[in-house]
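Following: one structure in structure tokens, then a few remarks.
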Number of protein chains: 2
Amino acid sequence: MARPSQTELAVLGALSTGPMTGYEIRGSITGVLGHFWHESFGQIYPALGRLEAQGAVRRRSPGRTSGSVFELTRSGRRRLTALLAEPGPTPPARNALLLRLFFGTHLPDGGARDLLADAEARASAALEEYAAVRSEIEGVTEGVPDATAITAAAPPTEEPARPAPPADPEQAYRTMTLSFGEHMARAQQAWARECLTMLEGVSGARG
Amino acid sequence: MARPSQTELAVLGALSTGPMTGYEIRGSITGVLGHFWHESFGQIYPALGRLEAQGAVRRRSPGRTSGSVFELTRSGRRRLTALLAEPGPTPPARNALLLRLFFGTHLPDGGARDLLADAEARASAALEEYAAVRSEIEGVTEGVPDATAITAAAPPTEEPARPAPPADPEQAYRTMTLSFGEHMARAQQAWARECLTMLEGVSGARG
DNA sequence: AGCAGCATGTAAGTGGTTACATGATTGT
DNA sequence: ACAATCATGTAACCACTTACATGCTGCT
């Protein structure tokens, strides 16, 4: 009936890359999947508790001095695969930008332009981050097993992404995720720019 | 503090195109903005009540036999403009598809391919609907003031959208909304296809 | 008479965020 | 000592969906 929580899936997924504390799970998710997924502590800890009760994760006696490190059990790994295969909920669309733009005639002067300029800026910023991540993960084909994070900056790329040479499976899936972000950001950028030039023509909406 | 409800804005926006009942407001939103916005009755009616209490909308004595028709007051129109100008919440990203694809190595055989094929299909379907809407609103430059709805079907367009000749303001904003959908759907389509061909290369993920 | 669509609302439940409270550890 | 970060949890609140209850209208 109700939209099932995806938090357990995300937690299980994070744990599939290695044992972690709840705190680290969150950092791992926001660091690597930050643009596409989000979890808050208020969701993670209860989920961890449920998962532990189900036997999907195990709390390791702290080799650490503080906090408890969780690891996937065999049943947890099976559960991850099962959850992954489920289609997942498609929450109703709610695009605040589009809602505003659609009723653009009632926007104050220059309002539409501001909206679009902001959308363009956000897309460009995202593109820069993606470019940095891409150069990072493309530099390392094998070796360091820890997750890559967003750090540096690079000029926005305009070229369409070529099919990318298939690396090892894990790398391939990470690249696909990144590629999605790039495609979407580029599309948003192009769209916003088109609209902006279109707005200049319509003098009824100048500001 | 809390993410403010956007429902009142959506209701006000719908009412800006003419007086309606709550039932019609919903139909209007799902019909025209269906791909980008959604409202349920459980949200609309309470919102209408609040809006009425604030004096933003007025309940007209039923010229109709059943239901009450709501219309925007002057203050409501001002409120719409104010709400429209506010940036609007940016809910944390939660892309179920990306979450699954990222942990694609743990997916059962062929799971990733299915995910991508589905994404491609959905994008293509959306593109067809958009094409139908576009041909409809481009045929009518002025005249019939009622909202256009999705009805027919057309082959998916691959060509990049040209800047589109500026029509009257209202038309322009509607076109921008539609164009957003087209850009995004095309991007998703291209991305999914790229990933699909990439998957064929990696024999570790065939199914 | 009966059914499909129009119309209005309420109640329950859920997933999720935010804020708060608390404490340990580490570096300066 | 002090601050920043690590770490864990809970409580309050929120928007929203779903399901339900109810009745009217128009058509066949």
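Proteins get letters first, then strands, A, B, ... in listed order; numbering begins at 1 in each. As the structure is a prediction and not an experimental result, all values here were calculated from the model.
- In this entry the distance linking CD of Glu8(A) with C1' of dT14(C) reads 13 Å, nearest Å.
- Under 4.0 angstrom from either OP1 or OP2 of dC16(D) there lies at least one side-chain N or O belonging to Thr7(B).
- Look at CD1 on Ile25(B): it is 14 Å from C1' on dC6(C), rounded to the nearest Å.
- Between Arg94(A) and Glu39(B) a salt bridge is recorded (basic side-chain N to carboxylate O distance below 4.0 Å).
- Remark: Ser68(A) is not in phosphate contact with dA7(D), judged by side-chain N or O atoms under 4.0 Å from OP1 or OP2.
- Taking the nucleotide of DNA chain C with the nearest heavy atom to each of Arg94(B) and Gly22(B), the more 5' of the two is matched to Gly22(B).
- Contact annotation: His38(B) side-chain N/O to dT17(D) OP1/OP2 distance is under 4.0 Å.
- Within residues 39-51 of chain B, the residues approaching DNA chain D are Ser40(B), Gly42(B), Gln43(B), by heavy-atom distance under 4.0 Å.
- Nucleotide dA7(D) holds its P atom 12 Å from the CZ atom of Phe70(A), rounded to whole Å.
- Using a 3.5 Å distance cut-off with no hydrogens or angles, the side chains of Arg58(A) and Thr73(A) do not pair a donor with an acceptor.
- When distances are taken from the side chain of Pro92(B) to each of dT8(D), dT8(C), dT17(C), the shortest belongs to dT17(C).
- Between Arg79(B) and Glu8(B) there is a salt bridge, since a side-chain N of the basic residue sits under 4.0 Å from a carboxylate O of the acidic one.
- In this structure, the separation between CG on Leu15(B) and CG on Leu80(B) is 9.5 Å, given to the nearest 0.5 Å.
- In this structure, Arg60(B) places its CZ atom 13 Å from P of dT8(C), rounding to the nearest Å.
- Using cut-offs of 30° and 60° for the angle between ring planes, the Phe36(B) and Tyr130(B) rings count as parallel.
- Among the nucleotides dC16(D), dG9(D), dC6(C), the one closest to any side-chain atom of Arg59(A) is dG9(D).
- With hydrogens and angles ignored, the 3.5 Å screen pairs no side-chain donor or acceptor of Ser179(A) with any backbone N or O of Thr175(A).
- Between Thr21(A) and dT8(D) there is a side-chain polar atom (N or O) within less than 4.0 angstrom of OP1 or OP2.
- Counting to the nearest Å, the C1' atom of dT25(D) and the CD atom of Glu24(B) are 14 Å from each other.
- For Tyr23(B), the ring pair (Phe, Tyr, Trp, His ring centres under 6.0 Å) test picks out Phe41(B), with sequence neighbours left out.
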